[in-house]
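When a ligand or atom number is given, it counts from 1 through the structure's own listing order. Position 1 is the first residue of the sequence, and the numbers go up from there.
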Amino acid sequence: MAHRIAAIPGDGIGNEVVPAGLTVMAAAARRFGFDLSWESFDYGADRYLRDGTTLPDADLAHLSEHFDCILLGAVGDPRVPGMEHARDIVLGTRTRLDLYVNLRPIKLIHESLCPLKGKGPRDVDFVVFRENTEGMYAGAGGFLAKGTPGEVAIQESINTRRGVERIVRAAFLWARAHDLGRVCMSDKHNALRYEGDLWYRTFREVARDFPEIEARHLYVDVLTMEMVRAPEQFRVVVTNNLFGDIVTDLGAQIQGGIGLAASANVNPETRRAMFEPVHGSAPDIAGTGRANPLATVLTVAMMLEHLGEGRAAREVEAAVSAAIAEGATTPDLGGSLTTDGVARWLCQWLERPETLR
Ligand code: NAD
Ligand code: IPM
Ligand code: MN
């Protein structure tokens, strides 16, 4: 049966990296003999400015019913400074499809890409489980006396026992399934009394169900420090929505830059999923051919794994490693290829007979 992908390139470089990612995915499909079909949807700033459409419930229901998963590029456009469209397209898809796991691997592919002195691929290899539906992103809050000198803005962090427990459990299950031996939960319970208390208590309780896995806690400020000082100590990190957003951009840098950071938004029970590179729409380089497509290609590898095409996923990752080793990259990684040039290089590598690689 064909895998059906709903592609939402979105804004800026999303329109460059998503086609590149799909081209590589098509090459992988030819090589491994699976059927693939995709349809592109124009949700994004242009559409929003044209007719006010963001990503309505009925459209999302259509995507979710008729496609196996969504591949999103990025959204964000200087003409929509309030990000009104993005709220429905990115955050709204995560919550409406209840994609509570935001899985973000921090994996250094080649030593030359790491800004940390003396660290290599063996030292930077862990995953972050970012809670994806609650916390500071829940949208709870409001203004008092808006527009007056006495204005008050309240942003509330929503944390439910169910929400915290399921992301913590997902992190432990991942550690068990991949034989990783340890999970580190990161919060800020010394300052955030209520949410911190719930997170810490829940973590301790869930950890009891996984006696073979070392359960460790770090305050999030310390986590950022330790990720730079000694990243090799981490295997699985679980944290809330906002902290997860921040620490995965830090993680992106220690793995070689934002142009290499991939992510999956998944609900492990329903298997619904949306895949997206961690980076944004990069308006500063959009249209120049300088966008690094590797984050999207590695995201496609995560999507292939989800679709049951594990061999193809690993081969796509191998192609990315080869491109980096050969310097077949965009300028952010020191190469001189364009976005499409990198995609073509990867396709050729994937389609070449094994003996020539
Ligand atoms: P950004 O990730 O778009 O860009 C940050 C810097 O990294 C820029 O200098 C950019 O040129 C560079 N960069 C990013 N991706 C790159 C790539 N693939 N190759 C080479 N260089 C790359 O972050 P920003 O500038 O803070 O945000 C721009 C817009 O994107 C904003 O509207 C923001 O809200 C949005 N955004 C969207 C998402 C998403 O859709 N998931 C994620 C992050 C930011
Ligand atoms: C990300 C992005 C989004 C987030 C923005 C665009 C709302 O930064 O996916 O990391 O904060 O989750
Ligand atoms: Mn982010």
Side-chain angles (χ1 to χ4, degrees), residues 7-21 43-45 48 54-55 70-95 99-106 113 128-139 155 239-253 255-265 274-300 320 323-324 329-343:
I8 306 178
D11 302 330
I13 64 166
N15 292 289
E16 300 158 36
V17 296
V18 164
Y43 306 109
Y48 176 66
T54 56
L55 177 45
I70 299 172
L71 176 65
L72 174 69
V75 281
D77 187 297
R79 295 169 298 165
V80 192
M83 289 282 273
E84 289 82 4
H85 67 310
R87 260 196 288 283
D88 281 346
I89 300 171
V90 183
L91 303 180
T93 298
R94 291 173 184 167
T95 50
L99 309 177
Y100 68 87
V101 174
N102 192 336
L103 178 59
R104 297 188 157 186
I106 313 291
L113 299 176
V128 175
F129 274 69
R130 169 186 177 189
E131 201 293 319
N132 216 20
T133 57
E134 303 192 336
M136 292 290 272
Y137 281 67
Q155 193 79 44
T239 190
N240 72 27
N241 208 336
L242 181 60
F243 296 158
D245 178 46
I246 298 166
V247 302
T248 54
D249 263 30
L250 172 61
Q253 285 308 315
Q255 74 180 118
I258 195 77
L260 284 170
S263 83
N265 305 270
M274 171 172 75
F275 297 83
E276 50 172 333
V278 172
H279 65 70
S281 55
D284 55 335
I285 57 165
T288 66
R290 296 169 69 88
N292 185 348
L294 295 182
T296 304
V297 172
L298 291 168
T299 297
V300 159
V320 170
I324 291 170
T329 59
T330 41
D332 56 309
L333 298 186
S336 57
L337 296 186
T338 61
T339 311
D340 292 344
V342 173

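Considering each of Pro293, Ala295, Gly257, Gly280, the one bringing a non-hydrogen atom nearest atom 23 (O) of ligand 1 is Gly280. For atom 33 (C) of ligand 1, the choice among His279, Met83, Glu276, Glu16 with the nearest heavy atom turns out to be Met83. With distances taken over non-hydrogen atoms, the option nearest atom 7 (C) of ligand 2 out of Asn102, Asp249, Val90, Leu91 is Leu91. Among Arg94, His279, Met83, the residue whose heavy atom lies nearest to atom 9 (O) of ligand 2 is Arg94.
Under the 4.0 angstrom criterion, atom 18 (N) of ligand 1 counts as having a protein heavy-atom contact. Counting protein heavy atoms under 4.0 angstrom from atom 4 (C) of ligand 2 gives one or more. Atom 25 (O) of ligand 1 is not flagged as protein-proximal [any protein heavy atom, distance under 4.0 Å]. Within a 4.0 Å radius of atom 6 (C) of ligand 1, the protein contributes no heavy atom. Checking atom 11 (O) of ligand 1 against the protein gives a heavy-atom contact under 4.0 Å.
The side chain to side chain contact (heavy atoms under 4.5 Å, CB included) with Arg104 is formed by just one residue from the set Asn265, Val247, Thr248; it is Thr248.
Between Glu276 and ligand 2, no N or O atom pair is found at a separation short of 3.5 Å. Inclusion of Val75 in the set of residues having an N or O under 3.5 Å from an N or O of ligand 1 is warranted. Ligand 1 has an N or O atom lying under 3.5 Å from an N or O atom of Asp284, backbone or side chain. When only interatomic distances are considered, the shortest N/O to N/O separation between Arg290 and ligand 1 does not fall below 3.5 Å.
For the ligand labelled ligand 2, residue Arg130 lies inside the 4.0 Å heavy-atom shell.
Atoms of ligand 1 lying under 4.0 Å from any heavy atom of Ala291, numbered from 1 in the order shown and given with element: 19 (N). For ligand 1, the atoms lying closer than 4.0 Å to a non-hydrogen atom of Ile13 are 15 (N), 16 (C), 17 (C), 18 (N). Applying the 4.0 Å criterion to heavy atoms of Ala282 picks out, from ligand 1, the atoms 3 (O), 10 (C), 11 (O), 14 (C). Numbered from 1 in the order shown, with element, the atoms of ligand 2 that lie under 4.0 Å from a heavy atom of Arg104 read 1 (C), 9 (O), 10 (O). If you number the atoms of ligand 1 from 1 as listed, the ones under 4.0 Å from a heavy atom of Ile285 come out as 11 (O), 20 (C), 21 (N), 22 (C). Each of the following atoms of ligand 1 lies closer than 4.0 Å to a heavy atom of Pro283: 28 (C). Heavy-atom proximity to Ala74, at under 4.0 Å, picks out these atoms of ligand 1: 40 (O). Taking a cut-off of under 4.0 Å to the non-hydrogen atoms of Ser281, the atoms of ligand 1 that pass are 3 (O), 28 (C), 29 (C), 30 (O).
With values rounded to the nearest 0.5 angstrom, Asp77 atom CG is found 7.0 Å from Ser281 atom OG. Ile13 CD1 to Asp284 CG: the interatomic distance, rounded to the nearest 0.5 Å, is 8.5 Å.
Within 6.0 Å of the CZ atom in Arg87, the count of heavy atoms belonging to other residues, nucleotides or ligands exceeds 12.
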For a side chain to side chain contact (heavy atoms under 4.5 Å, CB included) check, start with the C-alpha distance between Met274 and Ile8, then their side-chain angles and the critical distance, and finish with the verdict. CA-CA 10 Å; Met274 171 172 75; Ile8 306 178; 5.9 Å; no

After noting the C-alpha distance and the side-chain angles of Val300 and Phe275, does the key distance pass the side chain to side chain contact (heavy atoms under 4.5 Å, CB included) rule? CA-CA 7 Å; Val300 159; Phe275 297 83; over 6 Å; no

Show the numbers, then the answer: is there a side chain to side chain contact (heavy atoms under 4.5 Å, CB included) between Asn292 and Thr329? CA-CA 7 Å; Asn292 185 348; Thr329 59; 5.9 Å; no

Can Asp245 and Tyr137 be said to form a side chain to side chain contact (heavy atoms under 4.5 Å, CB included), step by step? CA-CA 10 Å; Asp245 178 46; Tyr137 281 67; 3.2 Å; yes

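The two atoms that bring Leu103 and Pro105 nearest to each other are O-CD, 3.7 Å, heavy atoms only. Closest approach of Ala295 and Ala261 over heavy atoms only: CB-O, 3.4 Å. Contact detail for Pro331 and Arg290: the closest heavy-atom pair is CB-NH2, 3.7 Å.
For the Mn ion (ligand 3), the set of nearby N, O or S atoms under 2.8 Å includes one belonging to Asp245.
Two residues are said to be in side-chain contact when any heavy atoms from C-beta on lie closer than 4.5 Å; Asn132 and Asn241 meet this criterion. Within the 4.5 Å cutoff, the side chain of Leu333 has heavy atoms near those of the Leu260 side chain.
Remark: the His85 side chain and the Asp11 side chain contain an N/O donor-acceptor pair separated by less than 3.5 Å. Judged purely by distance below 3.5 Å, without hydrogens or angles, the side chains of Asp88 and Tyr43 never pair a donor atom with an acceptor atom. At a cut-off of 3.5 Å, with distance as the only test, a side-chain donor of Asp332 or Thr330 sits close to an acceptor on the other residue.
Counting protein heavy atoms only, atom 32 (O) of ligand 1 is closest to Gly76 CA, 3.2 Å. Annotation: atom 11 (O) of ligand 2 to nearest protein heavy atom, Tyr137 OH, 2.6 Å. Counting only heavy atoms of the protein, atom 8 (O) of ligand 2 lies nearest to Asp245 OD1, 3.3 Å. At the top of the distance list for atom 14 (C) of ligand 1, counting protein heavy atoms only, stands Ile258 CG2, 3.6 Å.
At a heavy-atom cutoff of 4.0 Å, ligand 1 is contacted by the backbone of Val278 but not by its side chain.
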